[in-house]
2 protein chains.
Amino acid sequence: MAGAEFSDAAVPRELLRRRAYNLRWAQQPDDVIPLTAADSDFPVSPAVRERLTQFVADGLFNYGPPEGLPEFRATLAQWYTERRGVPYEPTAVLATDSAAAAMTVVARASLAPGDEVLIPDPVDFLFEHAIRRAGAIPVRVPLAPKTTATDYVAALGARLTSRTRMVWLCNPHNPWGTVPTRRWLQAVARWAVRHRLRLLSDEVWADITYPPHRCTSVAALAPEIAAQTVTIYGFSKNFALAGLRVGAVLCTDPTWREEIVTAADVRSTAAGVSVLSQVAAVAAMQAGEPWLAEFLSHLRKQRDLVLGRLRRWPGVATRPPQGTFVAFPDLSRLDPDAEHLCQHFEHKAKVALVPGSPRWFGPGAAGHVRISFATSREILTEAFDRLDPVVFELASGR
Amino acid sequence: MAGAEFSDAAVPRELLRRRAYNLRWAQQPDDVIPLTAADSDFPVSPAVRERLTQFVADGLFNYGPPEGLPEFRATLAQWYTERRGVPYEPTAVLATDSAAAAMTVVARASLAPGDEVLIPDPVDFLFEHAIRRAGAIPVRVPLAPKTTATDYVAALGARLTSRTRMVWLCNPHNPWGTVPTRRWLQAVARWAVRHRLRLLSDEVWADITYPPHRCTSVAALAPEIAAQTVTIYGFSKNFALAGLRVGAVLCTDPTWREEIVTAADVRSTAAGVSVLSQVAAVAAMQAGEPWLAEFLSHLRKQRDLVLGRLRRWPGVATRPPQGTFVAFPDLSRLDPDAEHLCQHFEHKAKVALVPGSPRWFGPGAAGHVRISFATSREILTEAFDRLDPVVFELASGR
């Protein structure tokens with residue numbers, strides 16, 4: 001039984017073609033394998049399905065409370081306390097309709113037009129997007145997998161102005177797949193607090209790490225850091241619930257939290273999270289850990305498969321992801337224009353990838369390509385079997 | 001079998017105490033009957049439960065498409081075409097996470113700070129709320145159940161300024177329960193179009209009407225009116241899906257729709273609607289009509305019960321609702337301060353109602369109280385049995 005849930009046969013390809021959007025199966029030609037959006041190809045845990053089925057049988061879908069169901073807030077607070085040593089109270093939790101929504105809400109609540117926010121370059125496009133939607137300005141700070149805390153702090157300092165308000169971290173980091181160490185985070189967070197900057201820690205990937213790496217929550221570092229930090233969390237990566245649209249903001253400062261709740265506009269009922277989605281998240285946290293352990297064990301094998309295959313490609317540099325289920329190799333030796341390269345891959349190899357272009361990750365992603373590996377061994381192998389000849393042809397100068 | 005779904009026994013009181021928020025069972029003391037938020041006490045249709053159960057069994061909750069699932073958009077377009085004669089195309093539909101969210105999105109997309117919007121007084125608080133969140137100004141136009149189109153148009157004209165941009169209608173009207181006639185709507189809509197004002201028609205109550213009254217969609221009046229109109233729709237009132245957070249904006253003008261989609265921020269994945277919630281709405285539209293017919297038949301009896309009971313109260317004026325499942329009697333003879341009166345009812349009769357105060361409906365609601373009757377005959381009877389002695393004591397001068 002162990003692992004059967006992540007066998008080749010477990011990926012329901014035909015159903016995915018009808019259900020998986022966001023650059024994936026349902027939005028690609030039938031003959032294309034999409035290793036694009038970071039979204040799993042596997043069905044969710046039995047625990048989630050069981051709990052949802054029970055809730056649906058009751059048949060009551062009345063209004064939930066604005067900030068989230070009591071069981072959602074309590075379970076998430078406990079989850080953070082137990083897994084990451086952050087003693088969040090249930091009142092610290094605001095349910096949001098995704099981690100992405102959580103970021104835009106925090107930006108709107110915390111930033112005024114013209115304010116500056118220090119964000120990594122590269123990083124997921126939602127960082128820049130959320131900040132710009134609030135009228136504020138993202139200031140890019142170069143971050144490579146090997147960037148030391150000392151270097152990152154120096155780079156932050158070089159960009160500090162009188163308009164700087166926040167430092168946003170992606171932890172674990174998408175697209176690098178790095179999991180910052182406690183010391184690294186501590187140096188950065190202490191610097192931020194010393195300069196009276198608030199922190200946002202996007203921990204949507206927190207549960208997807210490979211030993212010995214482990215996600216340290218920024219809010220777990222010290223009480224004075226926690227007081228200046230909001231944590232962003234979600235259920236799309238760990239429990240494959242992207243389509244249910246459920247995430248959360250965790251914030252201990254009551255004044256800041258109130259500003260976030262107001263910005264979210266939940267009290268008016270103009271925003272909120274489906275009660276079914278919250279029930280799914282609660283089930284995942286309460287009874288989904290065995291499934292998550294299997295998922296992680298499968299992902300580690302997938303990661304090794306990706307690394308093994310990438311190593312065969314001439315001139316390709318990559319580092320093993322410490323977390324996330326994406327690899328982000330530098331393919332600039334094949335083609336310096338990653339957008340062009342990805343079009344070529346899709347056309348010739350029938351494999352869709354996400355190019356490391358400014359619109360997705362920032363200028364620091366140039367020449368890279370993101371490969372999501374949350375699929376079956378069979379599909380990933382097939383994708384590389386298709387990519388190999390195209391890569392070799394490119395490498396040989398055609 | 002017919003009607004069993006709306007029998008006294010069909011209301012799961014114990015479960016409602018754990019599940020129904022927004023001023024209702026879960027947020028009231030155990031001994032209080034809440035006829036507050038317009039939300040049904042009955043479980044949803046079997047069709048919705050069956051379809052959700054099937055979808056959950058598949059176990060795939062991948063990202064949906066930004067503007068809504070193709071089947072959601074197609075089914076809603078067809079639903080509007082067949083039920084209300086508005087030939088919407090699927091592309092006209094944007095799924096939103098409630099009708100309330102739809103209103104705030106349209107306001108954000110269509111209004112600049114300082115713009116003025118003509119709205120009825122009284123009307124649901126979300127009208128004012130959505131407009132103010134966009135930085136615009138709601139301008140109240142008195143509307144009583146008997147206000148003629150000529151009088152309403154004159155009142156609109158008296159408030160027209162160079163900053164006026166839109167006219168918002170609540171159709172059917174909450175809290176009056178009136179269903180404007182085609183001629184009434186035509187006069188108002190033609191006036192708006194003549195003055196180059198856009199229209200918003202909140203039709204979240206469209207399916208809850210009592211014969212001979214029937215909701216006429218504003219967009220069904222004429223092509224030149226449809227071109228200037230957005231329709232707001234939802235599934236909370238007709239199909240009891242408030243907690244699933246699913247509604248829609250329907251808009252035929254491609255430029256305006258694009259502005260609405262941009263304001264909604266769905267393409268970034270920062271907003272969207274749970275795929276399960278969309279599946280529930282599709283099931284309701286495709287297979288929920290028999291249930292809806294039974295619900296309406298039950299509600300008509302409930303409405304008559306409310307009217308019969310209110311008529312016993314001395315000095316109380318009320319009119320039969322033509323639509324919606326709320327009554328809105330004038331109780332100013334009992335107490336001119338509706339907030340105070342509702343506190344008194346809750347304290348003495350253990351029945352919670354919504355006061356007709358400015359924060360809920362606007363100044364035009366003064367002296368009125370809103371009573372939601374989407375519950376069982378037994379509970380409604382019990383509520384009036386509790387209210388009667390308190391009312392009679394008040395009427396007799398204590």
Side-chain angles (χ1 to χ4, degrees), chain A residues 12 15-16 18-27 37 39-46 48-49 52-53 56-66 69-70 97-98 100-101 103-104 125-126 129-130 133 236 240-246 265 268-277 280, chain B residues 12 15-16 18-27 37 39-46 48-49 52-53 56-66 69-70 97-98 100-101 103-104 125-126 129-130 133 236 240-246 265 268-277 280:
Chain A
L15 208 51
L16 283 163
R18 298 203 304 276
R19 301 266 174 93
Y21 290 85
N22 199 11
L23 310 178
R24 296 181 72 253
W25 300 98
Q27 287 179 319
D39 188 19
S40 163
D41 279 347
F42 295 100
V44 302
S45 80
V48 168
R49 279 181 270 183
L52 283 176
T53 305
V56 167
D58 289 339
L60 285 186
F61 302 131
N62 299 90
Y63 284 107
L69 290 171
D97 85 346
S98 63
M103 267 195 274
T104 63
F125 80 98
L126 282 164
H129 179 82
R133 291 281 295 201
S236 305
L241 304 184
L244 297 195
R245 303 206 56 84
V246 52
D265 203 7
S268 69
T269 75
V273 181
S274 164
V275 292
L276 264 179
S277 304
Chain B
L15 208 51
L16 283 163
R18 299 204 303 276
R19 302 263 174 95
Y21 289 85
N22 197 11
L23 311 177
R24 297 182 71 255
W25 299 98
Q27 287 179 318
D39 188 19
S40 162
D41 278 348
F42 295 99
V44 301
S45 79
V48 168
R49 279 182 268 183
L52 284 175
T53 305
V56 167
D58 289 339
L60 286 187
F61 303 132
N62 299 91
Y63 284 106
L69 290 172
D97 87 344
S98 63
M103 267 195 274
T104 62
F125 80 100
L126 282 164
H129 178 82
R133 291 280 295 200
S236 305
L241 304 184
L244 297 196
R245 304 207 56 83
V246 53
D265 203 6
S268 70
T269 75
V273 180
S274 164
V275 291
L276 265 178
S277 304

Practice prompt. Under 4.5 Å heavy-atom distance to chain B, tell me which part of A:Ser40 shows up: side chain, backbone, both or neither.
Written response: backbone
Worksheet item: Which one, A:Ser236, A:Ala101, A:Ser45, A:Pro12, leads in non-hydrogen pairs under 4.5 Å with chain B?
Response: A:Ala101
Worksheet item: Who wins among A:Val273, A:Val246, A:Asn22, A:Asp265 for the most heavy-atom pairs under 4.5 Å with chain B?
Response: A:Asp265
Worksheet, complete the sentence: Scored by heavy-atom pairs under 4.5 Å with chain B, the best of A:Ala280, A:Ala242, A:Ser277, A:Pro66 is A:Ala242
Practice prompt. Would you mind telling me which of A:Thr53, A:Thr104, A:Val48, A:Asp97 has the largest number of heavy-atom pairs within less than 4.5 Å of chain B?
Written response: A:Asp97
Worksheet item: Between B:Pro43, B:Pro46, B:Gly59, which has the largest tally of heavy atom pairs under 4.5 Å with chain A?
Response: B:Gly59
Practice prompt. Taking all heavy atoms of A:Gln27 and all of B:Pro65, pick out the closest pair and write down the distance.
Written response: NE2-CB, 4.4 Å
Practice prompt. Evaluate side-chain contact (heavy atoms from CB on, under 4.5 Å) for A:Leu69 paired with B:Tyr21, printing each intermediate quantity in order.
Written response: CA-CA 9 Å; A:Leu69 290 171; B:Tyr21 289 85; 4.1 Å; yes
Discussion item. Can you tell me which portion of B:Leu16 sits under 4.5 Å from chain A's heavy atoms? Options are side chain, backbone, both or neither.
Written reply: both
Worksheet entry | Nearest non-hydrogen partners of A:Arg24 and B:Asn62, listed with the distance | NH1-ND2, 3.5 Å
Worksheet item: In Å and rounded to the nearest 0.5 Å, what is the OH to CG distance from A:Tyr63 to B:Leu244?
Response: 11.5 Å
Discussion item. Any carboxylate oxygen within less than 4.0 angstrom of a Lys/Arg side-chain nitrogen, looking at B:Asp58 and A:Arg19?
Written reply: yes
Worksheet item: Measuring heavy-atom distances to chain A, does B:Ala240 have an atom under 4.5 Å in its side chain, in its backbone, in both, or in neither?
Response: backbone
Worksheet item: chain B heavy atoms under 4.5 Å from A:Ser98: which part of the residue, side chain, backbone, both or neither?
Response: side chain
Discussion item. Looking at chain A, which one of B:Asp41, B:Leu23, B:Leu52 has the largest number of heavy-atom pairs inside 4.5 Å, strictly under?
Written reply: B:Leu52
Item to complete: Assess whether side-chain contact (heavy atoms from CB on, under 4.5 Å) is satisfied between B:Asp39 and A:Phe61, documenting all intermediate values.
Response: CA-CA 10 Å; B:Asp39 188 19; A:Phe61 302 131; over 6 Å; no
Item to complete: Start with the C-alpha distance between A:Leu126 and B:Thr269, add both sets of side-chain angles, then the distance that settles side-chain contact (heavy atoms from CB on, under 4.5 Å), and finish with yes or no.
Response: CA-CA 9 Å; A:Leu126 282 164; B:Thr269 75; 4.1 Å; yes
Item to complete: For B:Phe42 and A:Leu60, run side-chain contact (heavy atoms from CB on, under 4.5 Å): C-alpha distance rounded to whole Å, both residues' side-chain angles, the deciding distance at 0.1 Å, then the answer.
Response: CA-CA 7 Å; B:Phe42 295 99; A:Leu60 285 186; over 6 Å; no
Response to the item:
Residue from A:Gly64, A:Ala57, A:Ala130, A:Ala271 scoring the most non-hydrogen pairs under 4.5 Å with chain B is A:Ala271
Fill in: Gap between atom NE2 of A:His129 and atom OG of B:Ser268 - 0.5 Å precision
3.5 Å
Worksheet item: Which bit of B:Phe125 comes within less than 4.5 Å of chain A, counting heavy atoms only: side chain, backbone, both or neither?
Response: side chain
